[in-house]
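Just so it is clear, the model here is predicted, and its values are computed rather than measured. Order of the sequence lines fixes the chain letters, A, B, ..., with proteins taken first and strands second; residue numbering starts at 1 for each chain.
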Number of protein chains: 2
Amino acid sequence: MHLSAQEEYGLRCLLRLALDEGEGVMRVQDIAEAEGLSPEYVSKLMRVLRLGGLVDSTRGACGGYRLSQTADSITLWDAIEVLGGSFFPECFCEAHPGIRRDCARADDCSIRVLWRTVSDLVRGGLSRVSLADLKRGEEAMRTWLTTDVSWVSEALAGSTPRARGEGA
Amino acid sequence: MHLSAQEEYGLRCLLRLALDEGEGVMRVQDIAEAEGLSPEYVSKLMRVLRLGGLVDSTRGACGGYRLSQTADSITLWDAIEVLGGSFFPECFCEAHPGIRRDCARADDCSIRVLWRTVSDLVRGGLSRVSLADLKRGEEAMRTWLTTDVSWVSEALAGSTPRARGEGA
DNA sequence: TAAAAACTATACAGAGTTGTCTAGATTATT
DNA sequence: AATAATCTAGACAACTCTGTATAGTTTTTA
């Protein structure tokens, strides 16, 4: 249940391009310097983003990368889908049958419903935040998320986690 | 952003103990057969759960495992914390500085706020579902989650993901 | 006290992830 | 046409995760 390095660093590179939106192309070296990553690693990440259709590249001298669409039309879910995929992909149960051919819980699995729900909530939430939204600074982002974004404020309201031992 | 095998299979073992609640202890072999896993693997998973304080063990003949508390007082967040840890742990930024000593975004990082928020929402949600809740069947669980659990139904309401290219 | 039942601990190979390295292909400029 | 700038592709070693294997410890029972 961890964010992978590729998801994290790939998103940083994407946000860097968003911050540079409208300024022509950005070279790998520029992105690497801005983000504190090695140019080799940035190259690899940009390839993933390009194959995923999120950025366009121009080769040769004066070449570089730019977003394939405007920053406000690329959602964080688009980015995560390209960089790492779903929290609970369709094939998960099929891929985790244990030592049997079919999962012991194939017929009736409450866990599956739970993860599917969490996955849908995360996907739904990330689909409503764009790269343009991320371009605000940290403090503005915090304010926006906790006060202006209804799906967050509603979910956070009354979300005191149940203490262990408190009962159902 | 994937669920790990240890999280998935460990939770299945824990749920198996919950289903057996009140029936004395359950042997590794029983759990393994019920879940379709190898006894060796179940042993390893049970060790993690025991070190995490979620289950108690009895050694020797007639020994086995049981939940350390009632099923309704162990939340899914308790389980995930022991089996895999947070989606976005406190140390994440410190552990991903790139090639610099300090992260290039240490001072102002809108991404950090975003992941922290998602992480808090997942933790809050999972803290309000217990092993006892999981003991219902799949269909009952689905109904319960989508209609009775306010934080889910509120979050799902109006959660049509924004299509790519639709704009902000 | 010996044997069987059952958990405990650690080592290990295979697979996936991470980040680097090297060589190649394409384009602008002179 | 030659050179420099820049992206492209794939190999690779170190690390982590996954699941198995093996040997050890504790408890019950006869």
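- Atom CE of A:M46 is separated from atom P of D:dG10 by 18 Å (rounded to the nearest Å).
- In summary, the side chains of A:D133 and A:S130 do present a donor paired with an acceptor at a separation below 3.5 Å, with no hydrogens or angles considered.
- Salt-bridge check for A:R16 with A:E35: passed, with a basic side-chain N closer than 4.0 Å to an acidic carboxylate O.
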Could you give the side-chain donor-acceptor pairs of residues 87-104 of chain B under 3.5 Å, partners two or more places apart or in another chain?
unit_1	atom_1	unit_2	atom_2	d
B:H96	ND1	B:F92	O	2.9
B:R100	NH2	A:E33	O	2.8

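- Where A:L51 and A:G60 each meet DNA chain D at their nearest nucleotide, the meeting point lying more 5' is that of A:G60.
- A:T75 has its side chain out of reach of A:I80: every pair of non-hydrogen atoms, C-beta onward, lies at least 4.5 Å apart.
- Salt bridge absent: B:K44 and B:E40 never bring a charged side-chain N and a carboxylate O closer than 4.0 Å.
- For DNA chain C, the span of nucleotides reached by chain A at under 4.0 Å from its heavy atoms goes, 5' to 3', from C:dT18 to C:dA28.
- Linking Ile, Leu, Val, Met, Phe, Trp and Tyr residues whenever their side-chain heavy atoms come within less than 4.5 Å leaves A:V25 and A:I31 in two separate clusters.
- Counting heavy atoms from C-beta outward, B:C13 and B:M46 have side chains that approach closer than 4.5 Å.
- For B:E7, the salt bridge (charged side-chain N to carboxylate O under 4.0 Å, His left out) criterion is met by no residue, not counting sequence neighbours.
- Of the residues in residues 3-30 of chain A, those placing a heavy atom less than 4.0 Å from an atom of DNA chain D are A:M26, A:R27, A:V28, in numerical order.
- The stretch residues 121-148 of chain A participates, sequence neighbours left out, in no ring-ring contact (aromatic ring centres under 6.0 Å, His included) pair at all.
- Each of B:A61 and B:A95 has a nearest nucleotide on DNA chain C; the 5'-most of these lies closest to B:A61.
- Within residues 35-45 of chain B, the residues approaching DNA chain D are B:S38, B:E40, B:Y41, B:K44, by heavy-atom distance under 4.0 Å.
- Of the candidate nucleotides D:dT29, D:dA9, D:dT26, D:dT26 has the atom lying nearest to any side-chain atom of B:R59.
- Side-chain contact check for B:S86 versus B:W77: some heavy-atom pair is nearer than 4.5 Å.
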